[in-house]
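Read the structure below first, then the notes.
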Amino acid sequence: MNLRERFEDYRGRIRFADLDLASRSMALLWLGLFRDRVIRNCFPRVGSQSLINDISKLINSTYLEGYILARAAYELGTGRVLLTDPERQASVEAGVDRLRLMYEEEEVGAIPFADEPLGVEALADALVREIVYGPDLMWLEERELLKVHLRYALWAGYNLARFERRLSRERG
């Protein structure tokens, strides 16, 4: 099974609710800040709440697709990833802190997907192109600017899965 086929298979089986509680929390924190920044940069004078909602949903889904892409690239399967135990005191908080630290330590100037397994960068580019040049955004004047932000959202979701993998190895 090639990367695209594995990605499509995983895409149909991995949901946001499948993420560990710390991973979901980190994703929501990151997405909240990122969505605000994208709206501020791409649509500074927008008056349409429906446009903001549509763009927010698009960013959320792109982030999750980045997560799924990493799971497919590293052949991690579709099972739930459990990094924390809500029953253990401070486990989730420690997981969120560790994931946040990993995001903060990520190289700012690095080129997304450049050193990843073969085919990942090409598939990431294709996924972003499918979204930006698809029929839903044909009317949007800011779509080239949005394209840059969506690539970054895809990369951030991809990093979440990489960070989970790293945490799992550290625990094991």
Expected output: side-chain [X] to main-chain [Y] donor-acceptor under 3.5 Å:
| X | Y | value |
| --- | --- | --- |
| Arg6 | Met1 | yes |
| Arg15 | Arg11 | yes |
| Asp18 | Arg80 | no |
| Arg71 | Gly79 | yes |
| Glu75 | Ala72 | no |

Determine, using ring centers only, whether Tyr152 and Phe34 are less than 6.0 Å apart.
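Yes - the distance between ring centres of Phe34 and Tyr152 falls below the 6.0 Å cut-off.
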
Provide the closest heavy-atom pair for [X] versus [Y] in the form atom of the first, atom of the second, distance.
| X | Y | answer |
| --- | --- | --- |
| Asn41 | Leu145 | O-CD2, 3.9 Å |
| Leu150 | Ile131 | CD1-CG2, 3.7 Å |
| Arg143 | Leu137 | CD-O, 3.5 Å |
| Leu146 | Ile55 | CD2-CD1, 3.8 Å |

Can Arg162 and Glu106 be counted as an ion pair, charged N to O under 4.0 angstrom?
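Yes, charged N to carboxylate O under 4.0 Å.
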
Arg4 and Glu130 ion-paired at < 4.0 Å
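Salt bridge between Arg4 and Glu130, a charged N being under 4.0 Å from a carboxylate O: yes.
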
Have Tyr10 and Glu65 got a donor and an acceptor in their side chains that come within less than 3.5 Å?
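No, no side-chain donor-acceptor pair sits under 3.5 Å.
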
If we count only N and O atoms by modelled type, under 3.5 Å, do the side chains of Asp85 and Ser91 hold a donor and an acceptor together?
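Asp85 vs Ser91: no donor-acceptor pair found between side chains.
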
May I ask you to decide if the ring planes of Tyr103 and Phe163 are parallel, tilted or perpendicular, using 30° and 60° as cut-offs?
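Geometry flag for Phe163 against Tyr103: perpendicular rings.
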
Without placing hydrogens or testing angles, list every side-chain donor-acceptor pair under 3.5 Å for residues 22-30, not counting sequence neighbours.
unit_1: Ser23; atom_1: OG; unit_2: Glu164; atom_2: OE2; d: 2.5
unit_1: Arg24; atom_1: NH1; unit_2: Ala17; atom_2: O; d: 2.9
unit_1: Arg24; atom_1: NH1; unit_2: Leu19; atom_2: O; d: 3.0
unit_1: Ser25; atom_1: OG; unit_2: Leu21; atom_2: O; d: 2.9

